[in-house]
Structures are given as structure tokens and as C-alpha cells.
Protein chains: 2
Amino acid sequence: MKQYCKFESALDILIGKWKPVILLQLIANGAMRFSELQKAIPGINKKMLTQQLRELEYNDIVHREVYHQIPPKVEYSISEYGQSLGAVLQVMNDWGTAHIDHMNMLYGAEDRSEQE
Amino acid sequence: MKQYCKFESALDILIGKWKPVILLQLIANGAMRFSELQKAIPGINKKMLTQQLRELEYNDIVHREVYHQIPPKVEYSISEYGQSLGAVLQVMNDWGTAHIDHMNMLYGAEDRSEQE
DNA sequence: CGTTAAGGTTACTATTTATTAACCAGGTTT
DNA sequence: AAACCTGGTTAATAAATAGTAACCTTAACG
């Protein structure tokens, strides 16, 4: 009966206000430098970008490559191991897409951005 | 390139300190009443239990069945539609299990509960 | 008539997360 | 020499999330 009991460890590494969009960027664009990510993600600030990248790096999802130059250059990319997350995201995406439809069916398709 | 762009909508319904454990309970035990959930989940309080259940109910993952009796009886269960989440949890669980191993490999298996 | 029962709600506090803005390094351009 | 570049860090603040404790309902029990 403890079938799904470890799904939280997958959940944990995706949780964080900016992690999904960071991953999406890196998946779509391959290696990106810090400033490119910052430009590509409106509303994010350096601190959050650093912090979320560090957490993804700690989990070996993202690889950080430092070029010792002045001014510095640092590139982030999905790590070899991180690629394995693709299948998970795919399944979540498929279900998520269907879920949006399901919710529209239940509550109507008016673009309500709030719940309550 | 917008392959996984909706995976956040799946993520959203799983986010919340108690949602995973509530789902796990309901998956394992079928219908459970409010007080049974409260007993089964150490540390949770009425407010949080109600709130998380309401969010799951709003997303049609959990079904709420009220028995009009005194004292009241309310049973919660995974809804018909909510069953479809099972496949997602399964994939996340499998990856999560492997990820725990991967992290142990990277950082050693000493039971470090903190990062940093 | 006060207490108990189940399943909540409410107002208030505490803890966690996220945001803002200022600062740093060290070489290059003006 | 002042200002700019990138990729950060730090301290302080705001916003969001979670936790505590007291209260509510309606009927039955002692």
C-alpha cells in the first residue's frame, strides 16, 4: 500500500516559485548564461535566480559551468542526470493539460484568475 | 518547444504542506472521515486539514460526502476523476525513489537531514 | 442543565518564502 | 579616474503559508 510514498521527493525539487520557468527555459534553449535567464524570465531578480539555480544544482538537475573571464561568464544547463526528469515533466504536463480542460468543464471557461 | 509548459498545473494541485500525505492516506484507505484523517496524520490540525481538503475538492481530486446526522459524519475519498492522478503519482514516485538513491550516491548515505 | 460528539470556522500569531535595494570584485571602456 | 560589465552576496522588508486556540452547531446523554 506504500505505492506512491516517495513522490514527494520528486515534488520537492520542483517546488519554488521560479523553478518551473527556469527549467522550461533551459529545456527549450539549452545552455544559458545567468544574464540570459534573467532577461528571459520577467519579474525574477538576481537573488531568486541564484537561489533557485543553486537548489537545482544541488539536486544535480542543473549543471553550472564557470568560464574564468572578466567580466565573468557562467552557463547553466540541464545536466545529463537532469534529463531523466523529462519523462516526469511530460507526464505531469499531459495530465496538467487535461486538468485545465477538466476545470474549465467544471467551472466554465470564463478566464477567472482567482479561486474563492 | 513548449512541450512541458503545462506541468505547473499538475504541480499546483499537489503543493501544500499536507496534500501529499492526505492523498496517500485516501489512496491507501479509501473513504475516510475527517476525524480519521486527523488521527492518521500526526501534527495536522483542523484548520489545515479542512483547508487542504477543500483545495483538493475544488480541483475535483477528492470527493466530500456529507451524512446528515448528529453528530455529523463527513467522508472524504479520491474522486473518480482524481483516480487519474494515480499514473502521475506513480511516475513521480518512481523517479523520486531513484532520485533518493542518486542523492545518496552523490553526497553519501549518512542521514543528513539538512542541506547547506 | 451542563457535557460530549463531529466537523468545522474565526481571529490572531508565528514561520517560511519571496522581494527590494545596496554593495562587491576586478578588469575594460570612456 | 569615473563608470560599466557580469555574476553574484547581504541585510532588511513584505507577502504568503501554516499553526494555535477559542468558538459554533444540533441533538443525545447523565
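No hydrogens, no waters, no symmetry mates; every other heavy atom, side chains included, goes into these values. Reminder, nothing fancy here: chain letters follow the sequence lines and each chain counts from 1.
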Participant: Roughly, in whole Å, what's the span from NE2 in B:H68 to C1' in C:dA5?
Facilitator: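 About 18 Å, once rounded to whole Å.
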Participant: Between A:D60 (side chain only) and B:M103 (backbone N and O only), is there a donor and an acceptor less than 3.5 Å apart?
Facilitator: no
Participant: Report yes or no: do A:Q90 and B:Y4 form a side-chain donor-acceptor pair below 3.5 Å?
Facilitator: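 Side-chain D/A pair, A:Q90 to B:Y4: absent.
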Participant: Between B:E57 and B:R54, does at least one N-O distance fall below 4.0 Å, as a salt bridge requires?
Facilitator: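 Looking at B:E57 and B:R54, the cut-off is met.
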Participant: List the protein contact pattern of nucleotides 9-18 of chain C with one symbol per nucleotide (5' to 3'): B for base contact, S for sugar-phosphate-only contact, - for none; contact means a heavy-atom distance under 4.0 Å.
Facilitator: BBB------S
Participant: Enumerate the residue pairs fulfilling salt bridge (charged side-chain N to carboxylate O under 4.0 Å, His left out) with a member in residues 81-94 of chain B, sequence neighbours excluded, ordered by first and then second residue.
Facilitator: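 Found none.
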Participant: Return each pair, listed once, that meets side-chain hydrogen bond (donor to acceptor under 3.5 Å, both in side chains) where at least one residue sits in residues 77-87 of chain B; pairs must be two or more places apart or across chains.
Facilitator: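 Qualifying pairs: A:W95-B:S84, A:H99-B:Y81.
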Participant: Could you name each residue pair satisfying salt bridge (charged side-chain N to carboxylate O under 4.0 Å, His left out) that touches residues 17-35 of chain B, not counting sequence neighbours?
Facilitator: B:K19-B:E55
Participant: Could you go over nucleotides 27-30 of chain C and give all protein N or O partners under 3.5 Å, atom names and distances?
Facilitator:
none

Participant: Report yes if at least one side-chain N or O of B:R64 is closer than 4.0 Å to OP1 or OP2 of C:dG8; otherwise report no.
Facilitator: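 Answer is yes, contact under 4.0 Å.
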Participant: Categorize B:Y76 for me: base, sugar-phosphate, or nothing, with a 4.0 angstrom heavy-atom threshold over every strand shown.
Facilitator: sugar-phosphate
Participant: Could you give the start and end, 5' to 3', of the contact zone on DNA chain D for chain A, using atoms under 4.0 Å from its heavy atoms?
Facilitator: D:dC5 to D:dA11
